[in-house]
**Q** 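Pasting in a structure now, in structure tokens, and then I'll have a few things to ask.
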Amino acid sequence: MAAVVGIFVGQAWSGIPWFEAGADPGAIAPFSFGSLLGTQLILMGWVESKRWVDFFNPDSQSVEWATPWSRTAENFANATGEQGYPGGKFFDPLGLAGTIKDGVYIPDTEKLERLKVAEIKHARIAMLAMLIFYFEAGQGKTPLGALGL
């Protein structure tokens, strides 16, 4: 979903089509591809491994030793009741699917279910948008160009 927005913003800001951005000799990357890939593998690997372990050993990842920077396990506790699905105030700091009262996260299951469905719908729309962007790129067009901008 962020990539779709990034394609529009990147082209509007630089004037370079998204499918030519890496080939631009004036392009300056703040980091190497290797450092980006390494960071991605370490961070996402850690998060996904914790989720995977939680599938087979429910609630094992909400204990204090599993979240060393958290002072209390409740910051990562799965308040949703669904294994492998994040919950707690760490994953909802804005209180979009619950509230925090006296430091205790109180989930609102109805809101959470609506947000889950909305996320799936938005992701599907973003996937269709990327498919259209790929077809346009094959014809040498850009999303902003297709919109007449």
Side-chain angles (χ1 to χ4, degrees), residues 1-62 66-70 74-101 105-149:
M1 291 182 274
V4 170
V5 175
I7 285 172
F8 281 109
V9 171
Q11 184 183 347
W13 181 56
S14 69
I16 301 169
W18 68 275
F19 50 86
E20 294 176 0
D24 182 36
I28 299 173
F31 39 77
S32 70
F33 176 75
S35 63
L36 175 66
L37 181 63
T39 303
Q40 178 78 14
L41 288 174
I42 289 169
L43 294 177
M44 289 304 296
W46 183 78
V47 170
E48 289 299 320
S49 68
K50 290 181 76 58
R51 187 174 66 89
W52 183 254
V53 169
D54 199 44
F55 272 120
F56 295 105
N57 190 3
D59 294 329
S60 65
Q61 300 304 298
S62 63
T67 55
W69 62 83
S70 173
E74 289 80 27
N75 287 338
F76 285 84
N78 187 343
T80 63
E82 293 181 43
Q83 296 309 319
Y85 195 85
K89 64 184 173 183
F90 179 79
F91 287 101
D92 189 16
L94 300 177
L96 298 175
T99 56
I100 299 174
K101 291 184 182 177
Y105 182 78
I106 302 166
D108 184 340
T109 54
E110 186 178 314
K111 273 181 161 180
L112 180 63
E113 290 304 316
R114 282 197 318 263
L115 288 171
K116 284 183 191 178
V117 172
E119 181 182 14
I120 291 170
K121 287 180 179 180
H122 293 146
R124 288 178 180 166
I125 290 170
M127 286 186 260
L128 287 174
M130 280 306 300
L131 182 64
I132 292 168
F133 292 173
Y134 292 140
F135 286 134
E136 288 174 344
Q139 298 172 358
K141 298 178 183 174
T142 65
L144 290 178
L147 293 173
L149 302 173

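What you see is a predicted model, and the numbers here were worked out from it, not measured in a lab. Values below: every heavy atom of this structure, side chains too, minus hydrogens, waters and symmetry copies.
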**Q** Going by side-chain hydrogen bond (donor to acceptor under 3.5 Å, both in side chains), name the residues that satisfy it together with R124, two or more places apart in sequence or in a different chain.
**A**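 Once residues adjacent in sequence are excluded, R124 has no partner under the side-chain hydrogen bond (donor to acceptor under 3.5 Å, both in side chains) criterion.
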**Q** Name all residues meeting the side-chain contact (heavy atoms from CB on, under 4.5 Å) criterion together with S35; count only those two or more places apart in sequence or in a different chain, and write none if there are none.
**A**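 With neighbours one apart ignored, the set is F31, S32.
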**Q** Taking side-chain contact (heavy atoms from CB on, under 4.5 Å) as the test, write out the residues that go with A126, two or more places apart.
**A** M1, V4
**Q** Which value, rounded to the nearest 0.5 Å, describes the distance between L115 atom CG and H122 atom NE2?
**A**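 Output value for this atom pair is 10.0 Å.
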**Q** Can you name the nearest heavy-atom pair linking A12 to L144, along with the distance?
**A** N-CD1, 3.7 Å
**Q** Can you name the side-chain contact (heavy atoms from CB on, under 4.5 Å) partners of E48, sequence neighbours left out?
**A**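 With neighbours one apart ignored, the set is M44, R51.
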**Q** Applying side-chain contact (heavy atoms from CB on, under 4.5 Å), name anything that partners P143, two or more places apart in sequence or on another chain.
**A** I7, F8, Q11, W18, F133, E136
**Q** With E110, which residues qualify under side-chain hydrogen bond (donor to acceptor under 3.5 Å, both in side chains), at least two apart?
**A** R114
**Q** Test salt bridge (Lys or Arg N to Asp or Glu O under 4.0 Å) on K116 and E113 and set out the steps.
**A** CA-CA 5 Å; K116 284 183 191 178; E113 290 304 316; 3.4 Å; yes
**Q** Distance from I42 atom CD1 to L37 atom CG, nearest 0.5 Å?
**A**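 With rounding to 0.5 Å, CD1 (I42) is 9.5 Å from CG (L37).
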